[in-house]
Amino acid sequence: MSNKNEVRLQKYMADCGVASRRKCEEIIEAGKVKVNGHAAHIGDKINPQKDIVTLRGKRLEKSEKMHYIMLHKPRGYVTTVSDELGRKTVMELVKNIDARIYPVGRLDRDSEGLLLLTNDGSFANAMTHPGKKISKTYRVTVRQQVTDEILRQLKDGVEIDGKKTEPCDVNVILQEQGRCVLEFILHEGRNRQIRKMCEVVGLEVARLKRTSIGSLKLGTLAGGKWRELSETEVKKLLRSSGTAEKSESHGKRR
């Protein structure tokens with residue numbers, strides 16, 4: 001009989017601010033996690049009140065204070081907690097946080113704009129789960145002229161990596177000689193999706209900037225700067241994912 005206090009190991013790790021659940025699974029598979037001194041495996045469940053979980057020998061404990069941060073990611077930074085190649089990571093931009101936080105989703109190295117970071121695993125899962133369909137808006141500059149036919153193809157969906165993209169909104173914001181600015185609104189988040197979509201229809205991306213996630217807008221936040229979200233902003237984001245008021249973390253914000 002399962003214990004109602006038990007949770008999946010990767011969820012507990014995410015709630016401790018290690019990384020997203022998917023990344024935590026990779027860490028478990030790499031043999032870096034132990035439960036009560038024994039090597040952990042994918043699918044393990046633990047009781048946070050009784051079991052001791054260690055990562056690389058250091059005990060994991062859930063932070064009482066949840067952090068919800070928006071960062072204006074500049075180009076040139078990778079969206080990871082650490083990088084084996086020694087490249088600059090977004091974690092270098094967020095200082096003086098008394099908890100282990102991690103990025104929610106990704107923006108590739110050459111892209112910029114709105115990025116969320118948190119130590120709340122449930123919030124991160126709500127923001128990134130494919131079934132939630134949270135809208136993300138991007139301002140994309142391409143070097144070619146964009147025809148009505150190209151717009152239609154992008155809106156209807158194109159095949160990338162053997163799978164067709166879902167229908168999306170694409171509109172021309174500005175078109176001039178040798179340059180066109182587009183606005184993409186996506187409800188899915190595949191790897192380098194916009195760049196690959198543009199490549200399929202013969203467009204070269206010169207600049208890509210995420211300007212909003214759900215109800216949250218980047219606004220005037222300067223490049224490289226960050227701020228904590230208000231409780232209202234967090235609730236609006238959760239509401240847009242269909243998980244409003246379900247996160248236990250709200251009662252622990254202080």
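Just so we're clear, the structure is a prediction, and the values are computed from it rather than from any experiment. Heavy atoms only: backbone and side chains are in, while hydrogens, waters and symmetry mates are out.
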Check whether any side-chain heavy atom of [X] lies under 4.5 Å from a side-chain heavy atom of [Y], and answer yes or no.
X: Asp15; Y: Ser122; answer: yes
X: Cys16; Y: Leu55; answer: no
X: Leu218; Y: Arg210; answer: no
X: Val201; Y: Glu149; answer: no
X: Phe184; Y: Gln193; answer: no
X: Leu107; Y: Tyr138; answer: yes
X: Thr80; Y: Met91; answer: no

If every non-hydrogen atom of [X] is compared with every non-hydrogen atom of [Y], which pair is closest and at what distance?
X: Leu71; Y: Lys225; result: CD1-O, 3.3 Å
X: Ser241; Y: Ile134; result: CB-CD1, 3.5 Å
X: Ile28; Y: His41; result: CG2-C, 3.6 Å
X: Arg21; Y: Ala14; result: CG-CB, 4.0 Å
X: Glu112; Y: Arg207; result: OE2-NE, 2.7 Å
X: Leu203; Y: Gln145; result: CD2-O, 4.1 Å

Checklist entry - Could you go step by step and tell me if Val81 and Arg100 meet the side-chain contact (heavy atoms from CB on, under 4.5 Å) rule? => result CA-CA 10 Å; Val81 173; Arg100 187 200 294 256; over 6 Å; no
Measure the [atom1]-[atom2] distance between [X] and [Y] for me, rounded to the nearest 0.5 Å.
X: Ser230; Y: Lys236; atom1: OG; atom2: NZ; answer: 8.0 Å
X: Lys58; Y: Lys32; atom1: NZ; atom2: NZ; answer: 15.5 Å
X: Lys136; Y: Met127; atom1: NZ; atom2: CE; answer: 8.0 Å
X: Glu188; Y: Thr165; atom1: CD; atom2: OG1; answer: 6.0 Å
X: His187; Y: Cys168; atom1: NE2; atom2: SG; answer: 9.5 Å
X: Leu221; Y: His72; atom1: CG; atom2: NE2; answer: 7.0 Å

If only atom types and distance count, is the side chain of [X] paired as donor or acceptor with the main-chain N or O of [Y] below 3.5 Å?
X: Lys88; Y: Glu92; result: no
X: Asn36; Y: Asp51; result: no
X: Thr128; Y: Gly105; result: no
X: Ser111; Y: Lys209; result: no
X: Lys11; Y: Gly121; result: no
X: Asn119; Y: Lys65; result: yes

Next on the checklist: Tell me every residue that passes salt bridge (Lys or Arg N to Asp or Glu O under 4.0 Å) with Asp108, counting only those two or more places apart in sequence or in another chain.
Outcome noted: Arg192, Arg195
Group every Ile, Leu, Val, Met, Phe, Trp and Tyr by side-chain heavy-atom contacts under 4.5 Å, then state whether [X] and [Y] land in the same group.
X: Val170; Y: Val172; answer: yes
X: Leu9; Y: Tyr102; answer: no
X: Ile27; Y: Ile46; answer: yes
X: Val234; Y: Ile69; answer: no
X: Met70; Y: Phe123; answer: yes

Is any side-chain N of the basic residue among [X] and [Y] closer than 4.0 Å to the acidic one's carboxylate O?
X: Lys23; Y: Glu26; value: yes
X: Arg227; Y: Glu233; value: yes
X: Asp161; Y: Lys196; value: yes
X: Arg22; Y: Glu25; value: no
X: Asp148; Y: Arg152; value: no

Item to check | side-chain contact (heavy atoms from CB on, under 4.5 Å) evaluation trace for Leu229 with Leu116 | outcome: CA-CA 9 Å; Leu229 299 185; Leu116 296 173; 4.1 Å; yes
Checklist entry - For Lys34, does the NZ atom have more than 12 heavy-atom neighbours from other residues, nucleotides or ligands under 6.0 Å away? => result no
Checklist entry - Within a reach of under 6.0 Å around CZ of Arg8, are more than 12 heavy atoms found that belong to other residues, nucleotides or ligands? => result no
Checklist entry - side-chain contact (heavy atoms from CB on, under 4.5 Å) between Thr137 and Glu183: does it pass, once the steps are laid out? => result CA-CA 7 Å; Thr137 304; Glu183 181 184 73; 3.7 Å; yes
Checklist outcome for this item: Going by chain and number, the hydrophobic cluster around Val181 (ILVMFWY, side chain to side chain under 4.5 Å) further includes Ile173, Leu174
Item to check | side-chain contact (heavy atoms from CB on, under 4.5 Å) between Glu159 and Val200, worked out | outcome: CA-CA 8 Å; Glu159 187 171 308; Val200 169; over 6 Å; no
Next on the checklist: Using the side chain to side chain contact (heavy atoms under 4.5 Å, CB included) definition, which of the options Leu182, Val140, Thr141 pairs with Val205?
Outcome noted: Val140
